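Here's the structure, in structure tokens; my notes come after.
It should be emphasised that the depicted structure is a prediction, and the values quoted were computed from it without experimental measurement.
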Amino acid sequence: MMKRVSLWILLIVALGVLGWSGYEYYQIHQVTAEGNETFDAIRDLAISGGEATDRDVELGIPPRDIDWDELHASVSEDIIGWIYSPGTSIDYPIMRADDYVFFLYHLPDGTPNNNGSIFLDFNHSPDFSDDLSVIYGHHMRSGAMFGTLNHYREQSFFEDYPVMFLYTPQGNYRVDLMYGFVVAEGEWRLRAFMFEENVPELLEFGAGRTTFSSDVRWEEGDRILALSTCEYDFDDARYVVLGILRY
């Protein structure tokens with residue numbers, strides 16, 4: 001009798017765990033879907049084909065008309081740019097952040113959502129005029145946000161997608177990718193890699209640990225764009241890709 005009761009208790013507990021897991025999965029799926037719908041709506045609102053300038057044609061920048069006034073009026077004045085990697089899921093507005101927290105858990109219009117937004121480190125100028133600009137985004141398992149950034153751990157992925165594109169109200173850039181590497185968040189902050197005065201140390205670190213081989217090299221006066229996301233090698237792992245802004 002006791003054995004039968006125990007089996008029933010185990011069955012009830014198992015069903016409860018299964019039900020809770022299903023609910024959690026549903027919640028995660030809903031959050032992801034809501035985030036994706038919002039970003040799709042933002043793209044539809046503000047992006048059209050457009051005509052490339054002579055300069056953009058020379059740099060191979062895909063023609064895109066981005067209505068910055070519409071984005072600022074209808075979505076957020078904190079949108080300062082757009083990062084685009086053709087053929088991948090990276091196609092998002094970039095937010096100006098006041099801290100490291102808000103846009104981790106909010107969409108560009110301020111709606112709470114665990115997808116978060118792509119955002120610029122608040123230590124940098126919002127017009128990307130600094131020698132270094134660091135952009136952060138979640139590594140979503142769905143592949144959204146910077147969920148494909150760590151694919152640069154494979155040489156073949158880099159060879160397929162060696163450049164990205166940065167669009168801003170001031171002008172557009174081709175981003176020639178140079179290094180990709182795993183770093184502990186603690187080490188990143190301890191070595192203050194987010195500050196442009198530490199660019200030489202950042203470049204040395206990246207060159208020594210890069211997961212792909214690129215012919216791109218930094219020269220005096222080049223501006224660097226760093227893209228950073230979570231990685232799962234260890235508890236506070238980050239994967240960072242460095243590129244040179246061409247304009």
TODO: Of all the heavy-atom pairs spanning Ala97 and Phe119, show the shortest one and how long it is.
DONE: CB-CD1, 3.6 Å
- [ ] For side chain to side chain donor-acceptor pair (under 3.5 Å), just list the numbers for Ser129 and Asp127, CA-CA rounded to whole Å, side-chain angles, deciding distance to a tenth of an Å, and then say yes or no.
- [x] CA-CA 5 Å; Ser129 60; Asp127 62 358; 2.7 Å; yes
TODO: Return each pair, listed once, that meets salt bridge (charged side-chain N to carboxylate O under 4.0 Å, His left out) where at least one residue sits in residues 210-223; pairs must be two or more places apart or across chains.
DONE: Asp222-Arg246
Task: Within residues 50-62 or reaching into it, pairs that qualify as salt bridge (charged side-chain N to carboxylate O under 4.0 Å, His left out) - sequence neighbours excluded - done: none
Open item on the list: Please tell me whether Thr211 and Tyr239 have a donor and an acceptor in their side chains that are separated by less than 3.5 angstrom.
Closed with: yes
Task: Pairs meeting criterion ring pair (Phe, Tyr, Trp, His ring centres under 6.0 Å) with involvement of residues 55-78, two or more places apart - done: none
Open item on the list: Test side chain to side chain donor-acceptor pair (under 3.5 Å) on Ser125 and Asp130; report intermediate values, then the result.
Closed with: CA-CA 6 Å; Ser125 298; Asp130 292 343; 3.0 Å; yes
Open item on the list: Which residues pass the salt bridge (charged side-chain N to carboxylate O under 4.0 Å, His left out) test with Asp233, not counting sequence neighbours?
Closed with: Arg153
Task: Pair listing, salt bridge (charged side-chain N to carboxylate O under 4.0 Å, His left out) test, anchored in residues 201-213, at least two apart - done: none
Task: Residue list, salt bridge (charged side-chain N to carboxylate O under 4.0 Å, His left out) with Asp40, at least two apart or on another chain - done: Arg43
Going by atom type alone, with no hydrogens or angles, which donor-acceptor pairs under 3.5 Å involve a side-chain atom of residues 77-87 and a protein atom two or more places apart or on another chain?
unit_1: Asp78; atom_1: OD1; unit_2: Arg96; atom_2: NH2; d: 2.5
unit_1: Trp82; atom_1: NE1; unit_2: Asp91; atom_2: OD1; d: 2.6
unit_1: Ser85; atom_1: OG; unit_2: Thr88; atom_2: OG1; d: 3.2

Which donor-acceptor pairs under 3.5 Å do side chains of residues 134-142 form with protein atoms, sequence neighbours excluded?
unit_1: Tyr136; atom_1: OH; unit_2: Asp121; atom_2: OD2; d: 2.7
unit_1: His138; atom_1: NE2; unit_2: Leu104; atom_2: O; d: 2.6
unit_1: His139; atom_1: ND1; unit_2: Cys230; atom_2: O; d: 2.9
unit_1: Ser142; atom_1: OG; unit_2: Ala144; atom_2: N; d: 3.3

- [ ] Taking side-chain contact (heavy atoms from CB on, under 4.5 Å) as the test, write out the residues that go with Val183, two or more places apart.
- [x] Phe181, Glu187, Trp188, Phe205, Arg238, Val240
Task: Those residues that, when tested against Ser89, pass side-chain contact (heavy atoms from CB on, under 4.5 Å) (two or more places apart) - done: Thr148
TODO: Applying ring pair (Phe, Tyr, Trp, His ring centres under 6.0 Å), name anything that partners His151, two or more places apart in sequence or on another chain.
DONE: Phe157
Task: With Phe103 via ring pair (Phe, Tyr, Trp, His ring centres under 6.0 Å) - residues at least two apart - done: none
